[in-house]
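Report on the structure given below.
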Amino acid sequence: MLEIKLLRENLELVKTAMQNRGTAIDWEAFQTHDARRKTILCELEELRRQRNHVSDQVARMKRSGENADAIIEKMRDVSVTIKRLEKDLGVSESVIDEIIMAMPNIPHDSVPVGRDETDNPVIKTVGEPTTFTYDPLPHWTIGENAGILDFARAAKIAGARFPLYLGVGARLERALINFMLDLHTREHGYQEVLPPFIVNRKTMTGTGQLPKFEEDLFKLEGLDYFLIPTAEVPVTNIHQAETLDVSRLPITYTAYTPCFRSEAGSYGKDTRGLIRQHQFNKVELVKFVRPETSYGELESLLDNAETVLRRLELPYRVISLCTGDIGFSAAKTYDIEVWMPAQHVYREISSCSNFEDFQARRTNIRFKEKGKKGTRLVHTLNGSGLAVGRTLAALLENGQREDGTVIIPHVLRPYMGGMEKIAP
RNA sequence: GGAGAGGUGGCCGAGCGGCUGAAGGCCCCGCUCUCGAAAAGCGGUAUCCUGCCAAAAGCGGGAUCGUGGGUUCGAAUCCCACCCUCUCCGCCA
């Protein structure tokens, strides 16, 4: 969430940012209730001051054995008024709160202004799109031919948009997870964590999935629990309501989790294959950093994610999301897109974002510097490192050969018991 | 699921209706002592909002003792609900 001071002191800046994002806000309601809040609060604090003062007096009189009935009687009215004002204040505050909680982050100055994904500039392209002497097969055909993916049986078990990996396929998925975790922990210095896959409402609100995007989530019937759509949610909330010592920063975590998404509103999109599933695996990177360093940390986070693709020898490109396409909580986002030969397109395989203090304010994560007064909010970042199902899909499509075999990248072979290729 | 105990500041821990934002201790930070360090002594040390102020400092006001309600002139303290932790019993991967 945004700092309310920013809205009061720099409303035009925020309005422009919301416009660039294409988000409509009820500014009138905000201003009405903010003004009302202030009026009530002034009055309320004055009455509370009186009450505190008189209470003190009563205490002193009682101690010295005097009769305080007269002033106690007088305070009765004040007390009633205080209760009434507190109620009124609560109403205005919850209206303000509702508006602010539904308000997205302000994009960083370096974020290109644009309407939708067609306006996202390409930052760089790494590697050349894989070329074939024949029409490359889609990964679902390769996977089904090789007997390592079975979407029909997955549909019997759960329904559409669920994966079933078999044999070498299951092992390859696990190999990818292990390879990514090993890379990030051993070479990039992240600490591995394995968090809960179900979280409560407060946690889901902290990272920004709630209150606005409840329909995108799987909710447990009758309980206030949700399946996580990404490890970002539980991992960022590890330090919920904590004040960290500055010497601990940056804190960097990597986590493997399954991710669950309802994919509401994506009917008919990417219906085949591993691209858009209700359940998929992901290795996530999360950072808690000092504000001064967060944009540098975003670049290194991006590089950490890119390293996975480079080691796997997959061609990819990096784009910068424009103001109209950037996520709710993010101030800046890079997407990494991997080359998918069968569809002849680059597909998102990682999303790396700096949230600045947006999530830190919601989750109340601060840090304290020695010798300095007060605390400051940390900046949080996260990125996929990478989406595992999509990575496997990319490996199948890019590594396929005309005879139906798929070459396993060198870095994965130790994780596959030395296996060099998948044969149908 | 049944029975009990408990949630207080960075940490430990006292308080159980009024002079308590909270004793005492630890940690940490200054200073004294020392060639330096340790020890000892002295002092300081929560957060958020807000008013005065250009700002900082400073001074003033409000809030915060798991969360939310209630009782009361007044609540860390009493009552209710919820959340969490711990112990014992049962069940269970």
Side-chain angles (χ1 to χ4, degrees), chain A residues 1-10 30 33-98 100-101 194-206 210-211 220 222-226 234 237-249 251 258 288 291 357-378:
Chain A
M1 77 199 233
L2 301 177
E3 188 179 19
I4 192 155
K5 249 189 233 162
L6 185 69
L7 296 175
R8 293 191 184 125
E9 291 164 9
N10 230 327
F30 171 77
H33 282 278
D34 191 46
R36 192 172 299 166
R37 189 199 69 92
K38 173 134 192 170
T39 312
I40 298 171
L41 195 62
C42 278
E43 202 179 332
L44 186 59
E45 290 199 347
E46 168 57 21
L47 290 178
R48 291 211 271 229
R49 189 191 63 78
Q50 271 180 40
R51 186 182 67 183
N52 290 344
H53 180 74
V54 172
S55 286
D56 240 42
Q57 233 176 307
V58 171
R60 242 175 286 129
M61 289 170 81
K62 291 235 165 167
R63 248 178 285 120
S64 62
E66 287 175 70
N67 185 309
D69 289 356
I71 60 173
I72 286 176
E73 189 53 44
K74 236 177 68 192
M75 287 319 288
R76 220 171 293 244
D77 284 350
V78 175
S79 205
V80 169
T81 312
I82 286 176
K83 287 228 164 89
R84 200 196 71 227
L85 290 177
E86 280 174 344
K87 205 171 241 170
D88 294 349
L89 183 69
V91 171
S92 285
E93 280 185 337
S94 60
V95 171
I96 294 167
D97 201 50
E98 213 171 287
I100 288 191
M101 288 306 271
L194 183 60
F197 303 157
I198 294 175
V199 300
N200 60 32
R201 180 172 292 274
K202 186 178 183 185
T203 291
M204 211 51 109
T205 306
L210 292 178
L220 298 202
L223 298 168
D224 221 15
Y225 282 133
F226 301 84
N237 277 281
I238 287 175
H239 295 295
Q240 189 186 104
E242 288 182 27
T243 301
L244 306 163
D245 191 281
V246 70
S247 65
R248 292 184 63 190
L249 302 180
I251 296 173
F288 302 82
D357 62 14
F358 188 86
Q359 293 180 327
R361 187 170 293 108
R362 289 177 163 233
T363 45
N364 195 20
I365 304 173
R366 305 172 162 274
F367 71 99
K368 177 148 180 67
E369 287 174 286
K370 246 192 199 120
K372 287 204 181 164
K373 251 193 142 172
T375 55
R376 295 168 67 199
L377 295 163
V378 300

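Here the structure is a predicted model, which is why all the values come from computation and not from measurement. Residue numbers start from 1 in every chain, and the chains themselves are labelled A, B, ... in the order their sequence lines are given, proteins ahead of strands.
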For the pair A:Glu3 and A:Arg8, find out whether any cationic side-chain nitrogen is under 4.0 Å from an anionic carboxylate oxygen. no

A:Lys87 NZ to B:G68 C1', in whole Å, measures 14 Å

When you measure from the side-chain N and O atoms of A:Lys368 to the phosphate of B:U47, is any distance below 4.0 Å, counting only OP1 and OP2? yes

Heavy atoms only, 4.0 Å cut-off, all strands: where does A:Val58 land among base, sugar-phosphate and nothing? base

Starting at atom CD1 of A:Ile72, determine the distance to atom C1' of B:G17, rounded to an integer number of angstrom. 13 Å

Would you say B:U72 has OP1 or OP2 under 4.0 Å from some side-chain N or O of A:Ser79? no

Tell me the interatomic distance from A:Glu43, atom CD, to B:G51, atom C1', rounded to whole angstroms. 17 Å

Value in whole Å for how far the P atom of B:C82 lies from CG of A:Asp224: 15 Å

Minimum heavy-atom separation for A:Arg366 to A:Asn364, with atom names? NE-OD1, 3.0 Å

Tell which nucleotide pairs with B:U87, taking only Watson-Crick or G-U wobble pairs whose two distances are both under 3.5 angstrom. B:A3

Whole angstroms only, please: what is the CZ-C1' distance between A:Arg76 and B:G74? 12 Å

Is the phosphate of B:U47, meaning OP1 or OP2, less than 4.0 Å from a side-chain N or O of A:Thr243? no

Phosphate OP1/OP2 of B:G62 contacted by A:Asn52 side-chain N/O (<4.0 Å): yes

Looking only at heavy atoms, which two atoms of A:Ile365 and A:His239 are closest? And how far apart? CG1-O, 3.3 Å

Taking OP1 and OP2 of B:C73, is either one under 4.0 Å from a side-chain nitrogen or oxygen of A:Arg51? no

Partner nucleotide of B:G51 by Watson-Crick or wobble geometry (both distances under 3.5 Å): B:C59

CG of A:Asn364 versus C1' of B:U67: gap in Å, rounded? 15 Å

Would you say that A:Ile71 contacts A:Met61 through its side chain, given a criterion of any heavy-atom pair below 4.5 Å between the two side chains? yes

Separation of B:C49 C1' from A:Glu93 CD (nearest whole Å): 10 Å

Counting only side-chain heavy atoms from C-beta out, which of B:C73, B:C48, B:G61 sits nearest to A:Glu45? B:G61

G-U wobble or Watson-Crick pairing nucleotide for B:U45 (cut-off 3.5 Å, both distances): none

Side-chain contact check for A:Tyr225: nearest option of B:C84, B:C73, B:G51 is B:C84

My understanding is that a pair needs two contacts under 3.5 Å, Watson-Crick or G-U wobble. By that rule, which nucleotide pairs with B:G10? B:C26

Rounded distance in Å - CZ (A:Phe367) to P (B:C48): 12 Å

When all nucleic acid strands are considered with a 4.0 Å heavy-atom cut-off, which category describes A:Lys5: base, sugar-phosphate, or nothing? sugar-phosphate

Separation between CZ (A:Arg51) and CD1 (A:Ile82), nearest 0.5 Å, reads 4.0 Å

Would you say a side-chain N or O of A:Lys38 is under 4.0 Å from OP1 or OP2 of B:G51? yes

What one should report as the nearest heavy-atom pair of A:Val378 and A:Phe367 is CG1-CD2, 3.7 Å

B:G74 -> Watson-Crick or G-U wobble partner, both distances under 3.5 Å, gives none

